[in-house]
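Everything on this sheet refers to the single structure shown next.
Quick caveat, the model's predicted, so the values are computed rather than measured.
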Amino acid sequence: MDRGNTKQEILEVSLDLFSVQGFEATSVAQIATAVGIRKASLYSHFENKQAILDALVKDVLEQYGAHSIFAKAEWENCEDAADQPALTPNAAAQMILGQIRYILHDPHISKARKMLVVEQFRNPELAKLQTRQNYTDVLQYFTGLVKHLIRRGVLTGDDPEIMAAQLCLPISTWINLCDREPDREPEVMELVSRHIQQFFRVYQR
């Protein structure tokens with residue numbers, strides 16, 4: 001195995017271990033053994049365990065930025081042209097359900113989220129990242145979406161941030177439920193769909 005592949009395998013194995021037992025509880029020796037290399041060989045790829053974590057966080061942030069709708073939507077810059085189709089309840093549900101499937105099933109994102117849950121009370125930097133990815137970015141995305149729909153005349157104007165919280169925070173809770181009990185995913189997807197449909201019925205003009 002060449003150096004580049006070994007480095008990637010170290011990252012993959014480390015994410016597996018960190019997502020289950022946490023950063024502090026995982027030793028460099030454990031990582032090296034799981035990869036099938038000597039501990040000394042691991043240090044030719046990474047200076048220490050912190051360097052592995054830093055590389056993992058960088059990789060996860062890049063993937064999150066590239067693929068998560070929560071990280072990249074700019075609703076303020078959306079055109080309000082009359083010929084643009086309005087976002088229907090069904091379209092909103094499909095968009096959000098697609099993102100939930102990505103969050104739950106992309107192996108890197110799923111494991112990274114679990115690692116953040118494990119580490120959030122021990123690592124201040126990872127706690128900030130957990131807050132950003134699982135609260136700040138999500139609420140900002142949905143607040144922008146609600147404001148956009150109000151501007152388009154789809155929803156009634158009220159308090160956009162509270163409306164966004166009403167829409168997104170139950171979904172976050174259901175995603176966490178799927179992390180703990182994966183077999184409940186079909187039930188959760190049905191609940192999310194019904195929740196979105198009801199939200200539109202309550203606030204639709």
task = State whether the side chain of Ser44 and the backbone N or O of Ser41 hold a donor-acceptor pair below 3.5 Å, judged by distance alone.
result = yes

ask   = According to a 4.5 Å side-chain heavy-atom criterion applied to Ile, Leu, Val, Met, Phe, Trp and Tyr, with indirect links allowed, do Tyr203 and Leu149 form part of one hydrophobic cluster?
value = yes

ask   = Just how far is it from atom CG of Asp59 to atom NE2 of His108, taken to the nearest 0.5 Å?
value = 6.0 Å

query = Counting only heavy atoms not in Tyr102, do more than 12 fall under 6.0 Å of its OH?
reply = yes

ask   = In Å, rounded to the nearest 0.5 Å, how long is the span from OG1 of Thr131 to CG of Leu139?
value = 12.5 Å

note = Heavy-atom nearest pair, Ala32 first then Leu42, reads N-CD1, 4.0 Å

Polar side-chain atom of Lys49 near backbone of Phe23 as donor-acceptor pair, under 3.5 Å = yes

request  = Measure the spacing between CD1 of Ile31 and CG of Leu17 and express it to the nearest 0.5 Å.
outcome  = 6.0 Å

key: Ser14 side chain to Ile10 backbone, donor-acceptor under 3.5 Å   = yes

note = For Leu11 and Leu56, the nearest pair of non-hydrogen atoms, with its separation, is O-CD2, 3.4 Å

request  = Would you mind reporting whether Phe18 and Val118 have side-chain heavy atoms less than 4.5 Å apart?
outcome  = no

request  = Give the cluster check for Ile96 versus Val202: same hydrophobic cluster or not, with ILVMFWY residues linked at side-chain heavy-atom distances below 4.5 Å.
outcome  = yes

message = Between Cys178 and Met189, is there a side-chain heavy-atom distance shorter than 4.5 Å?
response = no

inquiry  = For the backbone of Leu169 and the side chain of Thr173, can you confirm whether one donor and one acceptor N or O come within less than 3.5 Å of each other?
reply    = yes

Which atom of Ile150 lies closest to which atom of Pro160, heavy atoms considered = CD1-CG, 4.1 Å

ask   = His105 and Glu185: side chain to side chain donor-acceptor pair (under 3.5 Å), yes or no, with the steps?
value = CA-CA 11 Å; His105 296 292; Glu185 182 178 337; 2.9 Å; yes

query = Are the side chains of Leu53 and Leu126 in touch, meaning some heavy atoms are under 4.5 Å apart?
reply = yes

key: Gln130 and Asn134 side chains, donor-acceptor separation under 3.5 Å   = yes

query = For Glu9 and Val35, which heavy atoms make the closest approach, and how far apart are they?
reply = OE2-O, 3.7 Å

inquiry  = Looking at Thr26 and Gly22, would you say the former's side chain and the latter's main chain have a donor-acceptor pair under 3.5 Å?
reply    = yes

query = Should we count CD of Gln50 as having more than 12 external heavy atoms under 6.0 Å?
reply = yes

message = Can you confirm whether more than 12 heavy atoms, excluding those of Gln198, are under 6.0 Å from its CD atom?
response = no

key: same_hphob_cluster(Phe142, Met95) at 4.5 Å side-chain heavy-atom cutoff   = yes

ask   = What's the verdict on side-chain contact (heavy atoms from CB on, under 4.5 Å) for Gln204 and Thr156, showing C-alpha distance, side-chain angles and the deciding distance?
value = CA-CA 6 Å; Gln204 211 162 23; Thr156 58; over 6 Å; no

Heavy-atom closest contact (Ser172 atom, Val138 atom, distance) = OG-CG1, 4.3 Å

ask   = Would a 4.5 Å heavy-atom cut-off, applied to side chains only, mark Thr88 and Phe200 as touching?
value = no

inquiry  = Working to the nearest 0.5 angstrom, can you tell me the gap between Leu191 CG and Arg184 CZ?
reply    = 8.5 Å

key: Side-chain heavy-atom pair Val60, Leu129 within 4.5 angstrom cut-off   = no

inquiry  = Under 4.5 Å between side-chain heavy atoms, counting indirect links through other Ile/Leu/Val/Met/Phe/Trp/Tyr residues: same cluster for Val57 and Val117 or not?
reply    = no

Expected output: side-chain Ser19 to main-chain Asp16 donor-acceptor under 3.5 Å = yes

message = Quick one, Asp106 with Gln63, criterion side-chain contact (heavy atoms from CB on, under 4.5 Å). Give me CA distance, side-chain angles, the key distance, then yes/no.
response = CA-CA 10 Å; Asp106 181 276; Gln63 291 192 53; 3.9 Å; yes

message = Nearest 0.5 Å, please: how far is NZ in Lys111 from CG in Leu15?
response = 6.0 Å

query = Could you give the distance from CD (Gln99) to CD1 (Ile171), rounded to the nearest 0.5 Å?
reply = 10.5 Å

query = What pair of heavy atoms forms the shortest contact from Phe199 to Val146, and how long is it?
reply = CZ-CG2, 4.3 Å

task = Report yes if the side chains of Gln30 and Val13 come closer than 4.5 Å at any heavy-atom pair, otherwise no.
result = no

request  = Decide if atom CD of Glu161 counts as having more than 12 heavy atoms of other residues, nucleotides or ligands within a radius under 6.0 Å.
outcome  = no

request  = Spell out, yes or no, whether Val20 and Met115 are grouped together once hydrophobic residues are joined by side-chain heavy atoms under 4.5 Å, including indirect joins.
outcome  = no

message = Can you see whether Phe46 has Lys7 sitting over its ring - NZ or CZ less than 6.0 Å from the centre and within 45° of the normal?
response = yes

task = Look only at the side chain of Thr143 and the backbone of Ala164, and say whether a donor-acceptor pair between them is shorter than 3.5 Å.
result = no

key: Any Ile103 side-chain heavy atom under 4.5 Å of Ser110 side chain   = no

task = Check whether any side-chain heavy atom of Leu155 lies under 4.5 Å from a side-chain heavy atom of Met163, and answer yes or no.
result = yes

task = Please check if the side chain of His195 supplies one atom and the backbone of Leu167 the other of a donor-acceptor pair under 3.5 Å.
result = yes

inquiry  = Looking at Arg122, I want to see if its CZ is surrounded by more than 12 non-hydrogen atoms of other residues, nucleotides or ligands under 6.0 Å.
reply    = yes

task = Taking atom types as modelled, find out whether Asn90 and Gln94 have a side-chain donor-acceptor pair closer than 3.5 angstrom.
result = no

